[in-house]
**Student:** 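For reference, the structure I am asking about is given below.
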There are 2 protein chains.
Amino acid sequence: MLDLPGEILEPLARSPVARDVAHRAGVSTATVSRVLNGSAGVRADKREAVMRAAQDLGFVANGAARALSTRRFMAVGAVVPNIENEAFVRVLSSFQERLRQAGYTLVAANAGYDLEDELREATFLLERGVDGLMLVGDIHHPDLHTRIARHGIPMVQTFSLSRERPCVGFDNAASAARAANYLIDLGHRRIGVISGLRKDNDRGGARVTGIAQALAARGLTLAHEHDIEISYGIGGGRDGFRQMLAGGPPPTAIICGTDQIAFGAMIEARARGLDVPGDLSVIGHNDSDFAPFLDPALTTIRIHSAEIGHAAGDHLIARMQGRPVVRLTQIDAELILRASTAPPREQDRG
Amino acid sequence: MLDLPGEILEPLARSPVARDVAHRAGVSTATVSRVLNGSAGVRADKREAVMRAAQDLGFVANGAARALSTRRFMAVGAVVPNIENEAFVRVLSSFQERLRQAGYTLVAANAGYDLEDELREATFLLERGVDGLMLVGDIHHPDLHTRIARHGIPMVQTFSLSRERPCVGFDNAASAARAANYLIDLGHRRIGVISGLRKDNDRGGARVTGIAQALAARGLTLAHEHDIEISYGIGGGRDGFRQMLAGGPPPTAIICGTDQIAFGAMIEARARGLDVPGDLSVIGHNDSDFAPFLDPALTTIRIHSAEIGHAAGDHLIARMQGRPVVRLTQIDAELILRASTAPPREQDRG
DNA sequence: GTGGTTTTTGAAAGCGCTTTCAGATAGCCA
DNA sequence: TGGCTATCTGAAAGCGCTTTCAAAAACCAC
């Protein structure tokens, strides 16, 4: 790091306000406001004059003043568990796309899979005056809902379904169960799960529950030693699979909470001399960019993140504009079959 | 998607304002403001009364009013080329971490590698009243700087160095040159480049320039057919390498604009029966999470994204608080040697 | 007590925009 | 040209907070 002597940069200059424009155009601020907000009923010549004056002065309306006056911030908040997580990034990106089109700004915050932190971040956003809020999942701090209600702004939950609250998502248990059934149909009997942290995470929890139920429905059980919870990431996947092998007979198939975890598990399996999918079938979650390029290409549950983001955006925009909406939008996840799954070896068949 | 009949959710309720709190606590709004902003000089009993009243009413100050009054929005904007790109996500995340600690909100926008779009998004943020702005790279729309100046807010550029403007980054040409020299030292003579789009992208351009110069300095040249520009992503990497093979004798080593591109190129190389690193050495950029886990593990130029984000955040916070700062912070990228690079085969040696 | 501080406090003036409301203009027809 | 609408326009009142300024209260030493 260079060590130049410190210096104070850039002096501040007062930026032009509506009154300056009004003055220059020879009209009142009311007219300036009307022109700049495109409201009808301003004679062409005045309109022109205002436009030119604003242009000349490089006038940009003060957002705070406008927000204070209109009581709309034109901003929407989003609190996601991990802002660096691919799935959430995609949702935020498509969510923002929609909001931007409607003239809204997205303000995103990080909750780190912690209810207290989520409450803190959401409160921070509410103080900012966001006009709407997007959350992930159906488990939140009890105070959060009352705070949102007090602000009287619409909220939408994503990634999972909710009985009570507006949401855009899918049935995590059902989609994970579908993956489990697929494996069972292939003949697998010993099926394991490596999920990310499940605390305060209804998606992760529901997926494991869904798998356990699917197994139970077919007379199988999710062995305790095949039910692993680790931190996210490729490293987590390696560790998780290592742990799984430590306890008794290895599973012939595993379902992982993310594609990263699946990737890690595959690496560990290979390092142990196991062939995927010969000795071990692997299913991931999310259909990350790299999933089709892994060797073998990863079978995964594709979550339609972009659609979820768009739908959540549309939902919130409609509510903020007072239009009617459906409370629950279901965007089903999809099992994408690739090469990492296959029937188990003869001796392991069900 | 479920098709429930539309319904309007949640009626709005007026949220309490400072006057309500003042009334309840039997003081003036001035005192309420003083208490809530922790300024000294309020008797303990009144302070208590205000606190309790605010608590009871669930009062949350209106951010717009506060911003209008203090002329500080306590928000910072960031415009990055691609909000879904791993490197930018990491920077945004660490940048936001710092800002959040200082009480600022981050508002991020997407410029899509287009100067006009960048200008539009930045303008949008300026209208919002952000107190500072982070940009990526040193190439921007000519109007952008005047607009920022007009708003009188500090700006910091990231990822590359700049002669004129405040920046936190590294010398893209030099670090790419280092990678090239490493390959030359290994004995490579035919070295190729697959970069992402270079239009309006000084980082990409500088890297290629740096490589070309490093080659020239050692009496080598970057053959036209070994200089490929593609769109980002794993698919782009595959395409890029395919294109490269189409033109004359294949290179024995390539340097890629991102690890994703490198991954794609490795896949294509393998599909063509080429061994990495036996027949082809590959170097990526960014040191993505998956880089160490590829087979072979990817040699890459690690960009210290988190440090860049932190430094950019610190820089902007200092300027917004009127503290002196250094104009240029250099956070060098680092060549991480792994298994995807090796000397070329005997007959190809230099 | 008293006069002279030193704290506390509240009234009021913004901050810069939107929007209402009434007055000014323009347009139109007879 | 006069009278009556239909348009336009500007003054002014907020929006809800911060902050200045002067007055009120509390404190202190004598």
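Chain naming here is simple, since letters A, B, ... match the order of the sequence lines and numbering starts at 1 in each. As the structure is a prediction and not an experimental result, all values here were calculated from the model.
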**Student:** Among residues at least two apart in sequence or on other chains, which ones pass salt bridge (Lys or Arg N to Asp or Glu O under 4.0 Å) with Arg165(B)?
**Tutor:**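 Asp138(B).
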
**Student:** Ser33(A) near the nucleic acid: base, sugar-phosphate alone, or nothing, with a heavy-atom cut-off under 4.0 Å?
**Tutor:**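 Contact class for Ser33(A): base.
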
**Student:** Assign Val42(B) to base, sugar-phosphate, or nothing according to its heavy-atom contacts below 4.0 angstrom with the strands shown.
**Tutor:**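 Val42(B): backbone/sugar contact only, no base atoms under 4.0 Å.
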
**Student:** Just checking Val27(B): base, sugar-phosphate only, or nothing, at a heavy-atom cut-off of under 4.0 Å?
**Tutor:**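 Contact class for Val27(B): sugar-phosphate only.
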
**Student:** Any side-chain donor paired with an acceptor under 3.5 Å for Glu118(B) and His141(B)?
**Tutor:**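 Absent: no donor and acceptor within the cut-off.
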
**Student:** Select base, sugar-phosphate, or nothing to describe what Thr70(A) touches, counting heavy atoms under 4.0 Å on all strands.
**Tutor:**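 Sugar-phosphate: the residue Thr70(A), judged by heavy atoms under 4.0 Å, touches backbone atoms but no base.
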
**Student:** Below 4.0 Å from chain B heavy atoms, what is the first contacting nucleotide of DNA chain C and what is the last?
**Tutor:**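 Range of nucleotides touched by chain B: dT8(C) to dG16(C).
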
**Student:** Would you mind checking if Arg100(A) and Glu121(B) are paired as a salt bridge, meaning a charged N to carboxylate O distance below 4.0 Å?
**Tutor:**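 Result for this pair is yes, salt bridge flagged.
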
**Student:** How do Ala65(B) and Ser28(B) order along DNA chain C: which one's closest nucleotide is nearer the 5' end?
**Tutor:**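 Result: Ser28(B).
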
**Student:** Would you kindly say whether Arg319(B) and His315(B) are connected by a side-chain donor-acceptor distance under 3.5 Å?
**Tutor:**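 Looking only at side-chain atoms, His315(B) and Arg319(B) do form a donor-acceptor pair, the distance falling under 3.5 Å.
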
**Student:** Phe124(A) ring centre to Arg120(A) NZ or CZ under 6.0 Å, with the angle to the axis within 45°?
**Tutor:**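 Here Arg120(A) fails the 6.0 Å and 45° test against Phe124(A).
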
**Student:** Would you say Arg128(A) and Thr105(B) are linked by a side-chain donor-acceptor pair, where the criterion is simply a distance under 3.5 Å?
**Tutor:**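 Yes, Arg128(A) and Thr105(B) have a side-chain donor paired with an acceptor closer than 3.5 Å.
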
**Student:** Tell me the interatomic distance from Lys46(B), atom NZ, to dA25(D), atom P, rounded to whole angstroms.
**Tutor:**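 Value for this atom pair: 10 Å.
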
**Student:** Please compare Leu36(A) and Arg34(B) by the position of their nearest nucleotide in DNA chain C and report the one closer to 5'.
**Tutor:**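 Its nearest nucleotide being more 5', the pick is Arg34(B).
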
**Student:** Categorize Ala30(A) for me: base, sugar-phosphate, or nothing, with a 4.0 angstrom heavy-atom threshold over every strand shown.
**Tutor:**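 Base contact.
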
